[in-house]
Amino acid sequence: GNWISVWTVVLGDEVTIDGSIKLRAHYFEDGNVQLQTTKVFPAATLTVAGNLGKAVVAHIEDAESNLQSALEDMYTNMTDETFKAMRRVMPITRTKMKWNINEVALNRNLRK
């Protein structure tokens with residue numbers, strides 16, 4: 001996957017910062033699941049007490065850490081919640097269906 005973080009700092013009477021993070025993540029559990037999302041952070045006014053660079057870095061670190069924590073929580077719950085909702089329910093016979101396209105076509109032709 002990848003993580004692209006873009007931030008804009010506007011200097012003036014007030015210092016404002018806004019940004020966005022584009023994220024692509026890949027998760028594998030008996031199948032491929034990909035997450036593609038964009039998180040937009042609206043403009044915020046920074047309180048600068050001394051070093052502007054440190055204030056900007058602290059704001060970005062805080063925003064990215066919060067997003068990372070939210071993603072970790074999502075992935076922790078994904079196995080229990082999301083994948084169960086996405087999985088096809090097994091038939092009553094408790095046997096997996098064969099999804100071989102050739103067998104399906106053959107059965108369809110034999111029924112005619």
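In what follows, residues are counted from 1 in the order of the sequence shown.
Here Lys54 pairs with Asn51 under the side chain to side chain contact (heavy atoms under 4.5 Å, CB included) rule; sequence neighbours left out. Legend: residues meeting side-chain hydrogen bond (donor to acceptor under 3.5 Å, both in side chains) with Gln68, ordered by chain and number and at least two apart, are Glu72. Applying the side-chain hydrogen bond (donor to acceptor under 3.5 Å, both in side chains) rule to Trp7 yields the partners Ser5; only residues at least two apart in sequence or on another chain are considered.
Under the 4.5 Å side-chain heavy-atom criterion for Ile, Leu, Val, Met, Phe, Trp and Tyr, Val40 and Val6 are members of distinct hydrophobic clusters. A single hydrophobic cluster is not seen to contain both Val48 and Val10; linkage of ILVMFWY side chains at heavy-atom distances under 4.5 Å, directly or through other members, places them apart. Note: the hydrophobic cluster containing Val9 does not contain Ile4 (ILVMFWY, side chain heavy atoms under 4.5 Å, direct or indirect links). Note on Val57 and Ile17: separate hydrophobic clusters, where clusters join Ile, Leu, Val, Met, Phe, Trp and Tyr whose side-chain heavy atoms are under 4.5 Å apart, directly or indirectly.
Closest of all the heavy-atom pairs between Trp3 and Leu23 is CE3-CD1, 3.5 Å.
Rounding to the nearest 0.5 Å places OG1 of Thr16 at 6.5 Å from CG of Asp18. Note that the CZ atom of Phe41 and the CG atom of Asn66 stand 7.5 Å from one another [nearest 0.5 Å]. Here the OG1-CZ distance, from Thr38 to Arg24, works out to 11.0 Å after rounding to the nearest 0.5 Å. The structure places NZ of Lys22 at 10.0 Å from CG of Asn2, a figure rounded to the nearest 0.5 Å. Atoms CD1 and CD, on Ile21 and Glu64 in that order, are 4.5 Å from each other to the nearest 0.5 Å.
Side-chain contact between Leu71 and Leu35: present, with at least one pair of heavy atoms (C-beta onward) separated by less than 4.5 Å.
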